Protein chains: 2
Amino acid sequence: MANSASGESIIGRFVKIVNAFDDTHPAMSVAELGRRTGLPVTTTYRLVNDLLLERLLEREPGGDIHIGTRMWELASRSSKMLGLREAALPFMEDVQAVVQHSTTLGILDSDEVLYIERLGSDKTIVDITKIAGRLPVHATSSGLVLLAHSPSAYQDAFLARPLTKFTETTLTEPAALRRHLAEIRQRGFAAMPGVIVPESSGIAVPVFGPDNTVRAALSVVVPRNEENTPARVPVLMAAARGISRALGWRGELKGTLRQSH
Amino acid sequence: MANSASGESIIGRFVKIVNAFDDTHPAMSVAELGRRTGLPVTTTYRLVNDLLLERLLEREPGGDIHIGTRMWELASRSSKMLGLREAALPFMEDVQAVVQHSTTLGILDSDEVLYIERLGSDKTIVDITKIAGRLPVHATSSGLVLLAHSPSAYQDAFLARPLTKFTETTLTEPAALRRHLAEIRQRGFAAMPGVIVPESSGIAVPVFGPDNTVRAALSVVVPRNEENTPARVPVLMAAARGISRALGWRGELKGTLRQSH
DNA sequence: TGTCGATTCCCGCTCAATGGTAATCCTCCT
DNA sequence: AGGAGGATTACCATTGAGCGGGAATCGACA
């Protein structure tokens, strides 16, 4: 499926190129793009030109390249993300108004947490979540909530892999994690003090869809010393129920374990 | 630049495919995708498979295809859109809280208005703006504001083209439009009663960047009978100044015409 | 059982994509 | 002015990925 010496398809190279851009590298010259992607010079220029024609990339006055408006438009036009985001936004605003630090909405994607919306404030101290950013499942409150309500086959596969220990409090033992997941299901929320960076804590609750499976995790990130979990959980839970209902969820089935399959 | 009989590049076909999805067609079978794009059957299947591998498209249980999470992620990761959106959102919420109908943020892209954010409510009646949706420049309040503050060379080129008359109130005469644009610059806002659909009116104001050029248009859409323009304009203007300042704008230069170039 | 559509498999053709090399352009420094 | 270093464009021989027609298979529905 590839004309290239390296055996990649054009689509693969396209992803490589777009992937070379991130928040720290929002724009760069074509030459640097070639270096970052490892593609041959000529090939890079040819491909970039194709992409410029379709406006998936754009050239700024200086000559540097950045991701084009068209790319965002095409991706956003018909995305399940938009529906979820739109349903969640008003509730997230309410949470943010009360909690004042940072409110995020994340989904499970490719064994990682992908954050699709984030409300922050100037007070926000250490919060590494970014919109369209990814973080590991086992080291975030959102991730653990999502994992806790995933099909058990998925959990098994996930726990079979080796997990990175980011800080002292990061759980990496399958058995300990399993116990913790059960606790999360039972309590209805996850509270993780400094599992990825020691300075901040996350509290997360699940958001459900019409079929009673988990769709997303709603969470707040607060400084380590002022967690005040008992006070924050009810706010989060109420908001999550609101979002779930906006998605078509009709209340949890009485006495049903939420873990599906 | 193309291996195909029709002379399209793969990138071009990729755009065709993604473009086949919209809010009314969020998912479809590969065969239907082939029909909608006009691509040969086999080619469609091969290309779709490539895209599925990169998760730019995703297959749902039924077999239908929809746009993948990866697509949104790549597009959103480093986009000027995000910065603008993030700066604007809090102010838009304030406007929305007061106006209660529908608040939008639009930019000028490819001679059309592209809406990058929209806050609505249940009360929202007729409002055809959608996030990532496009509308013609000359038939929207946002578009006219953006056009009014564009370089005059751009305005000339735009006004040289024939313009569609959507309703009775749509201005299509270059001379009349020019007068109107001058008025918009002078007043600082555009108020368009029913230029695209007769039932609703738009009021829009410009948002400026650090270099004092217009970046976006902030607007509200209200029912035709309860426009109350004089009451709404100050709210919009204050919010737009807030957004502009968040973008790095430092106040307008005294006595300067805002029309650049 | 038969029909219709979606999907996959097969396969020979061919030209677009490839990527090395070299020329040109551009910017900054001396 | 000169020239060093990088970015960009131009050139071009090679080749296999993409192409797309056609047929087989799967699957739903009547």
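Keep in mind that this is a model prediction, so the values were computed, not measured. These values consider heavy atoms only, across backbone and side chains, with no hydrogens, waters or symmetry-generated copies. So you know, we letter chains A, B, ... as the sequences are listed, proteins then strands, and number each from 1.
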For DNA chain C, find the residues of residues 24-35 of chain B with a heavy-atom distance under 4.0 Å and give them by number; none if there aren't any.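 Per residue number, the list reads B:Ser29, B:Val30, B:Ala31, B:Arg35.
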
Taking [atom1] from [X] and [atom2] from [N], how many angstroms apart are they, rounded to a whole number?
X	N	atom1	atom2	value
A:Leu39	D:dT8	CG	C1'	17 Å
A:Ile10	C:dC15	CD1	P	17 Å
B:Arg46	D:dG18	CZ	P	7 Å
B:Asp50	C:dT8	CG	P	14 Å
B:Leu47	C:dT7	CG	C1'	16 Å
B:Glu60	C:dA6	CD	C1'	16 Å
A:Asn49	D:dT8	CG	C1'	10 Å

If we ignore angles and hydrogens, is there a donor and acceptor under 3.5 Å between the side chains of A:Arg59 and A:His66?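 Per modelled atom types, A:Arg59 and A:His66 side chains form no pair under 3.5 Å.
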
With a 3.5 Å cut-off and no angle check, do the side chains of A:Thr104 and A:Ser219 form a donor-acceptor pair?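 Distance-only check passes for A:Thr104 and A:Ser219.
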
Are B:Thr43 and D:dG20 close enough that a side-chain N or O sits under 4.0 Å from OP1 or OP2?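 Yes, such a contact exists.
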
What I want to find out is whether [X] reaches [Y] closely enough, with some N-O distance under 4.0 Å, to be called a salt bridge.
X	Y	result
B:Glu117	A:Arg85	yes
A:Asp156	A:Arg161	no
A:Glu73	A:Arg70	yes

Test item: A:Ile17 and A:Arg13 side chains (from C-beta on) under 4.5 Å apart, heavy atoms: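 No - every pair of side-chain heavy atoms lies 4.5 Å or more apart.
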
Minimum-distance nucleotide (side-chain atoms of [X] versus [options]):
X	options	answer
A:Arg13	C:dG19, D:dC19, D:dG18	C:dG19
B:Tyr45	D:dG20, C:dT18, C:dT7	C:dT7
B:Thr42	D:dC19, C:dC10, D:dG18	C:dC10

Derivation and outcome, side-chain contact (heavy atoms from CB on, under 4.5 Å), residues B:Val113 and B:Ile107: CA-CA 6 Å; B:Val113 183; B:Ile107 63 173; over 6 Å; no

Taking for each residue the nucleotide of DNA chain D with the nearest heavy atom, is it A:Arg59 or A:Ile11 whose nucleotide lies nearer the 5' end?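 This one resolves to A:Arg59.
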
